[in-house]
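To start, the structure itself, in structure tokens.
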Amino acid sequence: MNQDLTQQWLAEIQVLKEQMAGLQHDRDAAWESAQKWRQLYNTEAEQRRTDVQLSQQAIASLKADLHKLQGLEIETLAAETPVTAIQPEIEQLKSVEDLQAKLIAVIKERDRLLQALKTEQDNHAETRNSLTTALGDAIDSLTHERAGREKEEKGQGAGSREQGAGGRERGAGGLEIIN
């Protein structure tokens with residue numbers, strides 16, 4: 001009798017160890033999943049920042065062209081825009097009509113870039129919200145799953161067992177114990 005009790009306790013300890021290992025595995029898997037979501041979010045955010053920076057540079061360049069075409073001083077050009085690169089293009093403008101056509105083209109390009117920037121900003125906000133929602137859903141799902149397991153384990157009780165076929169028993173959590 002005493003040996004049977006000892007065997008039962010050892011079996012129960014083994015079941016608990018297996019459950020603990022399973023829960024640790026689940027925790028590690030959830031952590032890895034959260035890390036992957038963080039990496040995806042960071043990659044997307046970096047891409048959006050790069051796109052915004054490129055768009056800002058293009059807008060600054062167009063503003064500089066516009067200012068130059070409007071007759072503003074060369075010093076007002078952005079520091080990144082080399083004057084020597086713009087000078088030949090401006091020297092080609094021989095008439096007021098050429099200047100007006102160039103100004104219209106630059107304004108249209110500026111408007112297009114501003115619209116593209118706004119679209120990118122909207123897309124970035126939508127992506128950030130989607131990724132945040134997905135991450136929150138994953139965490140909620142993991143929390144519900146753990147709560148369900150804990151509830152199930154409490155409902156079965158630590159000592160409840162079912163005798164199965166072939167000398168097998170089911171311990172807490174439904175894990176099979178072979179005698």
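Predicted model, so just to flag it, every value in this text is computed and none were measured. Just so you know, residue 1 is the first one in the sequence shown, and it goes up from there.
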Requested in this report: Carefully, step by step, assess Q47 and T50 under the rule side chain to side chain contact (heavy atoms under 4.5 Å, CB included).
Outcome: CA-CA 5 Å; Q47 181 180 356; T50 301; 5.7 Å; no

Query - Stepwise side chain to side chain contact (heavy atoms under 4.5 Å, CB included) check, K108 with D111 - result: CA-CA 5 Å; K108 284 181 180 180; D111 291 345; 5.8 Å; no

Query raised in the report: Between R128 and R48, does a side chain to side chain contact (heavy atoms under 4.5 Å, CB included) hold up when you go through it step by step?
Result: CA-CA 10 Å; R128 181 180 60 231; R48 297 294 179 194; over 6 Å; no

Requested in this report: Just do the salt bridge (charged side-chain N to carboxylate O under 4.0 Å, His left out) check on K36 and E32 with the steps written out, would you?
Outcome: CA-CA 6 Å; K36 287 178 185 176; E32 287 178 21; 5.2 Å; no

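V52 and L131 are not part of a single hydrophobic cluster, where members link through side-chain heavy atoms under 4.5 Å apart. Transitive grouping of hydrophobic side chains (ILVMFWY, heavy atoms separated by less than 4.5 Å) brings L114 and L62 into a common cluster. There is a path of hydrophobic side-chain contacts, each under 4.5 Å, that joins L103 to I59. Hydrophobic cluster membership differs between L10 and V15, with clusters built from Ile, Leu, Val, Met, Phe, Trp and Tyr side chains linked at under 4.5 angstrom.
In terms of modelled atom types and a separation under 3.5 Å, the side chain of S130 and the main chain of E126 share a donor-acceptor contact. Under the 3.5 Å distance criterion, the side-chain polar atoms of H124 are left unmatched by any main-chain donor or acceptor of E120.
V106 has its side chain out of reach of E109: every pair of non-hydrogen atoms, C-beta onward, lies at least 4.5 Å apart. Side-chain contact between R110 and I107 is present, with at least one heavy-atom pair separated by less than 4.5 Å. Looking only at side-chain heavy atoms (C-beta outward), L54 and Q57 come within less than 4.5 Å of each other. In this structure the side chain of K102 never reaches within 4.5 angstrom of the side chain of Q92, judged on heavy atoms.
Shown here are the salt bridge (Lys or Arg N to Asp or Glu O under 4.0 Å) partners of E46, two or more places apart in sequence or in another chain: R49. Residues passing the salt bridge (Lys or Arg N to Asp or Glu O under 4.0 Å) test with E145 are R149, sequence neighbours excluded. For the salt bridge (Lys or Arg N to Asp or Glu O under 4.0 Å) test, residues two or more places apart in sequence or in another chain that qualify with K118 are D122.
Here the straight-line distance linking atom OH of Y41 with atom OG1 of T132 works out to 5.5 Å at 0.5 Å rounding.
When the shell of 6.0 Å around CD of Q35 is examined, it contains more than 12 heavy atoms from other residues, nucleotides or ligands.
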